[in-house]
Amino acid sequence: MSYEVKIHDRIARVELLSRQGDQLLVAVDGKEYALDFVQLNKGSYSILYRNKSYNVELIPVNGVRKYHVNTFKNTYEVEIIDAEAKYLASRQKQQETGGAEVITAPIPGKVVKVMVAEGERVEAGQTLLILSAMKMESEFKSAAPAVVKQLKVSEGQSVEAREEMVVLGYEAKERRNDGTMERWN
Amino acid sequence: MSYEVKIHDRIARVELLSRQGDQLLVAVDGKEYALDFVQLNKGSYSILYRNKSYNVELIPVNGVRKYHVNTFKNTYEVEIIDAEAKYLASRQKQQETGGAEVITAPIPGKVVKVMVAEGERVEAGQTLLILSAMKMESEFKSAAPAVVKQLKVSEGQSVEAREEMVVLGYEAKERRNDGTMERWN
Amino acid sequence: MIKKVLVANRGEIAVRIIRSCRELGLPTVAVYSDADRKAMHVLYADEACHIGPSPSIESYLNIENIIGAARKSGADAIHPGYGFLSENPVFSERCSREGIIFIGPSSHAISTMGDKITARKTMTAAGVPVVPGTDECITSEEEALSVIDQIGLPVMIKASAGGGGKGMRLVQKATEVKSALRAARSEAKTAFGNDAVFIEKYIESPHHIEFQILADGHGNAVHLFERECSVQRRHQKIVEETPSPILTPERRRQMGDTAVAAARAVNYQGAGTIEFIVDSQLNYYFLEMNTRLQVEHPITERVVGVDLVKEQIHIANGLPLTLKQELLEQNGHAIECRVYAEDPANNFMPAPGRVTHIDIPYGVGVRVDGSIYEGFEIPLFYDPLIAKLIVWGKDRKEALERTRRALQEFKIAGVKNNLKFLERIVNAPGFVLGDYTTHFIEENKEALLKDDPCDSDCEDIVIITAFMEYIRLMEKASPGEMTALKNNWKNYSRIRSVLKL
Amino acid sequence: MIKKVLVANRGEIAVRIIRSCRELGLPTVAVYSDADRKAMHVLYADEACHIGPSPSIESYLNIENIIGAARKSGADAIHPGYGFLSENPVFSERCSREGIIFIGPSSHAISTMGDKITARKTMTAAGVPVVPGTDECITSEEEALSVIDQIGLPVMIKASAGGGGKGMRLVQKATEVKSALRAARSEAKTAFGNDAVFIEKYIESPHHIEFQILADGHGNAVHLFERECSVQRRHQKIVEETPSPILTPERRRQMGDTAVAAARAVNYQGAGTIEFIVDSQLNYYFLEMNTRLQVEHPITERVVGVDLVKEQIHIANGLPLTLKQELLEQNGHAIECRVYAEDPANNFMPAPGRVTHIDIPYGVGVRVDGSIYEGFEIPLFYDPLIAKLIVWGKDRKEALERTRRALQEFKIAGVKNNLKFLERIVNAPGFVLGDYTTHFIEENKEALLKDDPCDSDCEDIVIITAFMEYIRLMEKASPGEMTALKNNWKNYSRIRSVLKL
């Protein structure tokens, strides 16, 4: 039994070689690990490896393939890559090489101002629109010279998290936002 | 819709009169309560009644009919009485009026010593057996003069929680145990 | 005497205030907007009143609704917390008109200190040093230019009604004056409805050090020493500590006396904070007074051994202060870290969402003030501060070691947060040495945002765990498929033994 | 210098020790029995070694296995915690033979203080007051009778090797002497393999007050003031506080000096506790010395501002004490409540089981040291102490108010526990007044075990919630049946309006 697992930019091949009760033998990219592996609670595990004690908490992110992972000292984002995920990844790549970027709302909010029109050429750093969310106004800027391919929102409109707002056409891929917000001292 | 609910020694009749979103109208033994009733998590609720804020945590005890309940200031044991529970209660009562008591192990342990024989007459306060559990030896005594009807365990035997150990025949029903245990200071 | 307290706030500060009321045996009333029905302050208070829709302007800032809630619940006092209505003189005034005790200063003190220019004048009159600059509002560009000519560049242009960094512009070159002035005034107009600005000398390498004061209605006033608040991002404090690593005992005494004098100058009653800007030669200047409880008040509570909320309540009850300046001392060292639901990797964008898991640090020297619980959905309408970690040590070294330990143990899942960012701050060489100014975050930005290196075993074990969990869930979904694997341990070890021969 | 610490213990104390090691940057090794694979100390340590089956005698008391674990993991020091091997001179000796630093006193100090009769003699020689009684073991009944004749009834018969209340008998009438002597010796034989006993004058209305001491290898020794431990059930402490409500400053100074002298008399090195019995006239007598960390050490940490585990480690490293007696002071007041998994309603029977839910108190002045988590199965093999609540206040009144607040917030579900019992203790008039002796629990038994009255609304709301949850689950199981109910609110209110006319 083996899968690919993605962590940061690394994709590792994991293989379960053997299992007897709590004793596991697993290979990660060919390196073998003999582990004492016990479940504490739903999604929470204690692992002893060469007497070292590791605690791993898995918090699912949308389903069973993606996890936010806490260890004692670190946090990670991990994804199990199975057939479906591979298909989606290849499709995503196709889009990207097409030279388009979709600017999406990171959190729910309201579009305060749209500062460009469809078809308009924009400079690097030029503000495309302003989104108001969580007591704060954020400017969404173009990371490089580009063309506004599509405007999917209008002023005053409410948007959901991850809702697409603007489609840009350019090569370099970078998105920045810049916001100020009043917090208490 | 109505049920009987047992709390301490009280059995209350509860009736859901109406429900609209979070707004409930419920009667308990005829007294009406209009509540703002919201679920926070599994088994955990926030209730506003006449602006008073109540937090109620329900922790199921063996299934869905019995709950250990925490409020901000108190803890309760609550049981929903439905048809099956009623039947069990009546059966239990029958047994009790028969004048027999079954002495069970309160926690898992080991029978260290059995000090009576089947058929033996015992005095009030006479030790029946000694159970060793959790670093502690507990004596199980007869609460009143009685006859040992049945001995279900023998010396050296391990017992589970709630396992029956001795059946006594007498009128007065009381069971005591007396233990000392070493704790750290 | 106060009999029931309405807390006109939300989040950790509302919970914290209720705690002290509970200890005093005072019943409490929480208020909540639509978004906050399940918020912890509602669950924790004895009573709760709904005060309107989610936007603060319609609920937590709605004076009518809050006064109405106090009437309805029979609360005879209101604690405003920080933010929201805490520094609104109209609200303080309204409370006293309604016969409700406002647990805070008079509206006179709030308005005097709330307007920066009035505050400057009052402080100057009281002999409190202020940053060189204008004592009047600047309305024309010519005036601005002539003032800048007098005090010399660099200068800071500030909105008179401002706060939280809005309406502020730094001017370093003469050519920038006009655009900066215009920008500051337009921002001030939008944010505060008032475009008055003033100009101050810009202090380079500044420290932000504030003094906690308490003053009663009987003429007694004391200070409870300082808090070093120079770890800021865009004028928002992130980590605070006390004592300040740069103050000398002598300078501390002077600044404390100045703080008390500043409070006396406005007949202050209650708890307040005098903020100073301090340069590298320890010259200090009055910056502003916060006429309310401060977010970072717990570090003072820890080293001075005082419950500031209880002191506020006693003062509001008209009781004399029992604290004596000569008996107060700083005991050990305390550090506060503010935990925000925000994404440091994405320009600290607020990150609302559902908290799926929390591990809170415990043990010797650790205090946590928070307002979230597992399953709680952090609403997007309010300040993203979700918890404060307050750590004490017998000296700065121990406080730092303990803060590191506690931050490592602190975990929040489900919402993005700045816990890792905080860890990097307390590990940064400048912070460890106590050698930092308000430019600290900006100057160390890159290092503070860098991902930590991870030993590869640890990463592999994370990979294995995720993999095993996935297998377990797949197996549950379609049992049988994987059972073949289960008992081949013996075979495998036999194979391995053979291979080793 | 110590490089890696093996903690030869479990439960809250193992976790607490690891915390301080972590702050000092020392890696830690946990040890665990079969029953403890999922225990918190295993999860919290950097490394973990299995040391045997569940019964302590085969694991936590197994010297070979623990030394083996230290060898295997490369730990160069062992912290024994309290209980288990902490006061075993053989273990201390063995560690030093193996070249492992034992974080505790020498085997000489342990054995001198461990045998009650030797300790009595040593203390008498050092001028420390002891309770009138025998200085030699009693072996015959005649001898016992003649001793009792000399010192007068009532007397206490105590096992020489005893501890924790085992092998102790109070004799009030002459007719009880023989049976009590027999019972004490047989119990001592069973518990400690040694039936030597001695006889002491029984102090009526006694207080149990102990002094914390620290002594280094350079001849420095200080005391860190007292802990009042008179709230006991069967010689088991339940609630402790510091300062003691009955000591005068003068008597405190005397007893502190005596405690330091007692430690010096055995060339003590490390942290230790001198227990005194104090009568109502404040006469005090040496009771015993505990040559280890005490369960209740955190209240001293809080008021004195010292991390005792770190001090132990520094002393074990051969460093000189940096604390000076004349600079030490008690700052405010601290109370510890011990939370046990036990059933007060059933004679405090230990109650192992699975913890389904925990709410831990937070905020100003509150520290919790614990070792359980949601989902954890408390094993039945060990001491049922699962957490300690340590609360600080600026004075006894505030500490009490805060303790009450914290206990109300503290909830543990799934296992029976004594939290309600603790609440009743801190609310009992005798405790509130600070007027209590070691008989406090026994004298107030009835009140302390009584269920609290509950306002009927609250009870009804609990009933409604359980009912609604049950309906919800039933509806989930067979949907549709109950939907008829959902939308008749309007109809119902209409009916009610009509009825009101």
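Naming: A, B, ... by sequence-line order, numbering from 1 per chain.
- Looking at D/Lys310, the atoms closer than 4.5 Å to chain C (heavy atoms on both sides) all sit in the side chain, from C-beta outward.
- When each of D/Glu301, D/Glu398, D/Arg404 is scored by its heavy-atom pairs under 4.5 Å with chain C, the top score falls to D/Glu398.
- Under the 4.5 Å side-chain criterion, counting only non-hydrogen atoms from C-beta, C/Tyr362 is in contact with D/Ile360.
- For the pair C/Arg22 and D/Glu401, the minimum side-chain heavy-atom distance is 4.5 Å or more.
- With sequence neighbours excluded, the residues satisfying side-chain hydrogen bond (donor to acceptor under 3.5 Å, both in side chains) with C/Arg405 are C/Glu409, D/Glu23.
- When each of C/Gln408, C/Lys388, C/Arg302, C/Lys397 is scored by its heavy-atom pairs under 4.5 Å with chain D, the top score falls to C/Arg302.
- Proximity to chain D among residues 363-371 of chain C is limited to C/Gly363, C/Val364, C/Val366, C/Arg367, C/Val368, C/Asp369, judged by heavy-atom separations below 4.5 angstrom.
- D/Tyr44 touches chain C through its side chain: at least one heavy atom from C-beta onward sits under 4.5 Å away, while N, CA, C and O do not.
- Heavy atoms of D/Glu329 lying under 4.5 Å from chain C belong exclusively to its side chain.
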